[in-house]
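To start, the structure under review is shown below, and the notes come after it.
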Protein chains: 2
Amino acid sequence: MATSARPQPPDLRFDPRPEPTIRDVARQAGVSTATVSRVISGSVAARPQTRARVLAVAEALGYRPSAVARSLKLRTTRTLGLLVTDIQNPYYPEIVRAVEDAALERNLAVLLCNGADDPAREETYLELLVDRRVDGIIIASSGLQERHGAWLARRSVPVVLVNWAAPDLPLPAILGDNRAGGRLATEHLLSLGHRRIGHLSAPARNAAAAERLGGIGDALAGGGLDPGSLVVVEGDGQVAGGERAALELLERMPEITGIVCYNDLTAIGAVRALRARGRQVPADVSIVGYDDIALSAWVDPPLTTIAQRTSEMGRWAVRRLGELIGRADGAASGDGSRMEATGDGVSGSLGPPPVILPVELRVRASTAAPRESP
Amino acid sequence: MATSARPQPPDLRFDPRPEPTIRDVARQAGVSTATVSRVISGSVAARPQTRARVLAVAEALGYRPSAVARSLKLRTTRTLGLLVTDIQNPYYPEIVRAVEDAALERNLAVLLCNGADDPAREETYLELLVDRRVDGIIIASSGLQERHGAWLARRSVPVVLVNWAAPDLPLPAILGDNRAGGRLATEHLLSLGHRRIGHLSAPARNAAAAERLGGIGDALAGGGLDPGSLVVVEGDGQVAGGERAALELLERMPEITGIVCYNDLTAIGAVRALRARGRQVPADVSIVGYDDIALSAWVDPPLTTIAQRTSEMGRWAVRRLGELIGRADGAASGDGSRMEATGDGVSGSLGPPPVILPVELRVRASTAAPRESP
DNA sequence: CTGAAAGCGCTAACAA
DNA sequence: TTGTTAGCGCTTTCAG
């Protein structure tokens, strides 16, 4: 048996060999702890001899300064909290990766918090992060304002938003140009000759969904179609919801030839639904996704989609948090990213407008001209 | 412009309103900090009146004890490190989720470390975790022993392994029964009538790959076929590698009707390759994946695959780490999970053998009887 | 039941 | 260049 019934038999415990402290090093090197501290941090020059001795002892002992003690003293933990909606949604690992890369560059650690679509859990995490005195929090969980607006308003830690913006709070935010994305997707279908277009959206509380819908309307109007006639069915941003919604869309609009989806997962669900109803993609119906998650290139057919600059978002968020914290510790310097900010600049008391990143149409194989072009 | 050129204009900084400390509470409540500490932690009973007063003040001030100070004093950070191979590989978010859930239950935080397939980065993280004095480390990154065996051997923190086992180190580990998985996948193909079977594996340094291959051999032998005749092509555990490898497999074995893949990603690549060569799945060739990631149900065709008990692994890892740490703080109690341990028990000096979790064949639509059943 | 005091491991004045 | 000292915010003896 690997799992014994006895609670913690002795051999289960890890040998608690304690880490050497700065005093151990100081003692063995015959200097004061202050000197060790200086040598290790390199903040103040020490006599080469002393320096060498301290370093040697530290090395021999395997001394590693305690970040805990240092945090207490320095009042900074060099740790970021990252709260995401749902780590199992393939979009979020991309953000996580981007944030983590940027953080590691500045040797910040990231406490990952997976909201798992549960407001109570989100709150637990928000408090946990404050308790742990993280230097800043990155929230990639749209709609958090509705659920925790009060907390956000009285927060005691810098917060930046990724992939959404809080409508009523002066929080720095970065997100893709959702309106343009919706428009691009739709224009693509129009240019292929589609005229009977539907939309699979996300729950209305999702601001991005509304924006994208707006963009779709823009494109329709631009193409001389009536935006009011667009049939919209609400999905849930997941495959299952996309499938369900697509089925309904087919009932309500059997003659449909093009579908713009809220995201790639929804699009994948739509493809499944269409197949289940005997329609080919793209031969019978074209489908456009959104986000360009890795997955979208792997499915059959590979999805035409709107690409977001996810890694740029992560990078920006970490950098921005660095500015807010004020500790000018930069492995900073230009990473070559140029970001175009839109917004009227008349931001009232709401602080600078969110940074809006351009999006891009990525044409793959889920779209084609409709069977009978008019 | 959202991003100003001036470095950190004043309005960019976050108002550093400091958190109230235990002394603030003590002062306002007219008691000593010791009393506040006792009331907050509930460790020692206080006079109801005092208690109420302290709680009221704490509430009013929005006092949240500093986990940093507490960590220093208590010599425990209530934080776990989780090192994964690649967060962008959809298998890992499932582990992350499981670990995180289990950790949150015991209110432990998780420092996420994404190795990103980079040994140097892994090492950086290992040291970072030690510096931060995490209470334990979960490593879900197979093959780490080859890269960081020395570090693992002299580690000063409890470590448990998830989804792999270190051959030469006495580290607690939990993983799926890879040999059985390989066997199950193959037996499934055999039972459908397949006789010309190939295998798309992962790099040989991957111990799981070897085990699975062994299982395939077992099944072949059991079915009266010569295991030596199995054609194996090495992929990379990703879609791209699977695609490449499948193409090669087709060249070397054009008459193939069944393919066992190292994992689902490889299987997805194989499906793509087959299609590219004009072969239908499963009509012409059947494909079996491994892992049962969410994705495998969404692709076309939905993958027949081997399911691992990922969330059980995560849960176990956290629990086991709790035992190793010895701090008997349990939101513990039975979570109903029963795990069957195999292994001969003759573990020599290598500690208890790894916990081996059973795996399960999940039949979907990527497998069928071969066209011409013999 | 409560307070005084020491100390977790580190850094930063301030002196020397 | 180096040592002494105080203190970050908390918990925990030890007295009272």
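First the proteins, then the strands, lettered A, B, ... as listed; each starts at 1.
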Base, sugar-phosphate, or nothing: which does [X] touch, judged by heavy atoms less than 4.0 Å apart?
{"X": "A:Val68", "answer": "nothing"}
{"X": "B:Ala34", "answer": "base"}
{"X": "A:Ser71", "answer": "nothing"}
{"X": "B:Val36", "answer": "nothing"}

Minimum-distance nucleotide (side-chain atoms of [X] versus [options]):
{"X": "B:Thr50", "options": "C:dC10, D:dC10, C:dC1", "answer": "C:dC1"}
{"X": "A:Val31", "options": "D:dG3, C:dG9, D:dT12", "answer": "D:dG3"}
{"X": "A:Thr35", "options": "D:dG3, D:dC8, C:dC10", "answer": "D:dG3"}
{"X": "B:Ser32", "options": "D:dG9, C:dG3, C:dA5", "answer": "C:dG3"}
{"X": "B:Ile22", "options": "D:dG9, C:dG3, C:dC1", "answer": "D:dG9"}
{"X": "B:Ser37", "options": "C:dG9, C:dT2, D:dT12", "answer": "D:dT12"}
{"X": "A:Arg38", "options": "D:dG9, C:dC8, D:dT2", "answer": "D:dT2"}

Practice problem: Could you tell me the separation between the CG atom of A:Leu55 and the OH atom of A:Tyr63, rounded to the nearest 0.5 Å? | Solution: 12.0 Å
Quiz item: Measuring from B:Arg106:CZ to B:Leu80:CG, what's the distance to the nearest 0.5 Å?
Solution: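 Here the rounded value is 9.5 Å.
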Round to a whole Å and report the spacing from [atom1] of [X] to [atom2] of [N].
{"X": "A:Arg47", "N": "D:dT2", "atom1": "CZ", "atom2": "P", "result": "5 Å"}
{"X": "A:Lys73", "N": "C:dA13", "atom1": "NZ", "atom2": "P", "result": "8 Å"}
{"X": "A:Leu72", "N": "D:dT11", "atom1": "CG", "atom2": "P", "result": "12 Å"}
{"X": "A:Arg64", "N": "C:dC10", "atom1": "CZ", "atom2": "P", "result": "12 Å"}
{"X": "B:Asp131", "N": "C:dG9", "atom1": "CG", "atom2": "C1'", "result": "13 Å"}
{"X": "B:Leu61", "N": "D:dG9", "atom1": "CG", "atom2": "P", "result": "14 Å"}
{"X": "B:Arg27", "N": "C:dG3", "atom1": "CZ", "atom2": "C1'", "result": "16 Å"}
{"X": "A:Ile40", "N": "D:dT2", "atom1": "CD1", "atom2": "P", "result": "14 Å"}

Quiz item: Counting just side-chain N and O atoms, does B:Arg70 come under 4.0 Å of either OP1 or OP2 of D:dT11?
Solution: yes
Practice problem: Give a yes/no on whether any side-chain N or O of B:Arg75 is located under 4.0 angstrom from OP1 or OP2 of C:dG9. | Solution: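 Yes, B:Arg75 has a side-chain N/O under 4.0 Å of OP1/OP2 on C:dG9.
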Quiz item: Do the charged groups of A:Arg319 and A:Glu312 touch, with an N to O distance under 4.0 Å?
Solution: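 No salt bridge links A:Arg319 with A:Glu312.
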Quiz prompt | Worked check of side chain to side chain contact (heavy atoms under 4.5 Å, CB included) between B:Leu161 and B:Leu171 | solution = CA-CA 7 Å; B:Leu161 275 21; B:Leu171 294 171; 3.7 Å; yes
Quiz prompt | Pairwise side-chain contact, B:Pro354 with B:Ile174, heavy-atom cut-off 4.5 Å (strictly under) | solution = no
Quiz item: With nearest nucleotides of DNA chain C determined for B:Arg51 and B:Leu74 from heavy-atom distances, which residue corresponds to the more 5′ nucleotide?
Solution: B:Arg51
Quiz item: Does B:Ala46 or A:Pro20 map to a spot on DNA chain C nearer the 5' end, using the closest nucleotide for each?
Solution: B:Ala46
Quiz item: For B:Ala109 and A:Leu111, which heavy atoms make the closest approach, and how far apart are they?
Solution: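 Residues B:Ala109 and A:Leu111, closest heavy atoms: CB-CD2, 3.7 Å.
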